[in-house]
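In this text, all values refer to a predicted model and were calculated from it rather than measured experimentally.
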Amino acid sequence: MNPKLDDGEKGRRVAVTREVMGRQIRNEIEQVQLETDAKIRRQRIEANEDIKEIESLVRVQALIIPPLLPLAVGLMVLGFRLLGEQRGIAKERMVKGLHR
C-alpha cells in the first residue's frame, strides 16, 4: 500500500478488496457446486440405465429359461418312445424302402 494514504482510504481499499475476493470465492464455490451437482446427476442417470439394462436381461431370462426344462424332458420322452417303437417291431416287418 501507498504510505501517503490516510487511514480512511486504507480502510476503504481493504474493504473493497475483501468484497471483491469474497465475490470471487462465492463464485468459485458456486461453480464447484454446479459441477458437483452435474456429476451426481450424470452418475444417477448412468446408474438408472444400468438398472434398466439388468432388469431387461432378467426379464428375457425369465421368459426363456423356465420352458427349457419341460422342453428337454419332452424331447427325452419322445426319443425314448421312438426307440421303444423301433425295438418292438420285428425286423422282417420293418419297411426298408418303398418297392413298386
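- The side chain to side chain contact (heavy atoms under 4.5 Å, CB included) check on I25 picks up I29, with sequence neighbours excluded.
- Residues passing the side chain to side chain contact (heavy atoms under 4.5 Å, CB included) test with L75, sequence neighbours excluded: L71.
- Residue-environment remark: CD (E53) stays at or below the threshold of 12 foreign heavy atoms within 6.0 Å.
- Through direct or relayed side-chain contacts under 4.5 Å between Ile, Leu, Val, Met, Phe, Trp and Tyr, V20 connects to V16.
- Counting only residues at least two apart or in different chains, side chain to side chain donor-acceptor pair (under 3.5 Å) contacts with residues 33-52 comprise Q31-E35, Q33-D37.
- With a 4.5 Å cut-off between side-chain heavy atoms of Ile, Leu, Val, Met, Phe, Trp and Tyr, the cluster of L34 takes in none.
- Apart from I45 itself, the hydrophobic cluster it occupies contains nothing, where clustering links Ile, Leu, Val, Met, Phe, Trp and Tyr at side-chain heavy-atom distances under 4.5 Å.
- With sequence neighbours excluded, the residues that form a side chain to side chain contact (heavy atoms under 4.5 Å, CB included) with V60 are I64.
- Hydrophobic cluster of I40: no remaining members, since no ILVMFWY side chain lies below 4.5 Å from it.
- The side chain to side chain donor-acceptor pair (under 3.5 Å) contacts involving residues 15-29 comprise E19-R23, where partners must be two or more places apart or lie in separate chains.
- Contact annotation: the side chain of V77 approaches that of R81 to within less than 4.5 Å [non-hydrogen atoms, C-beta and beyond].
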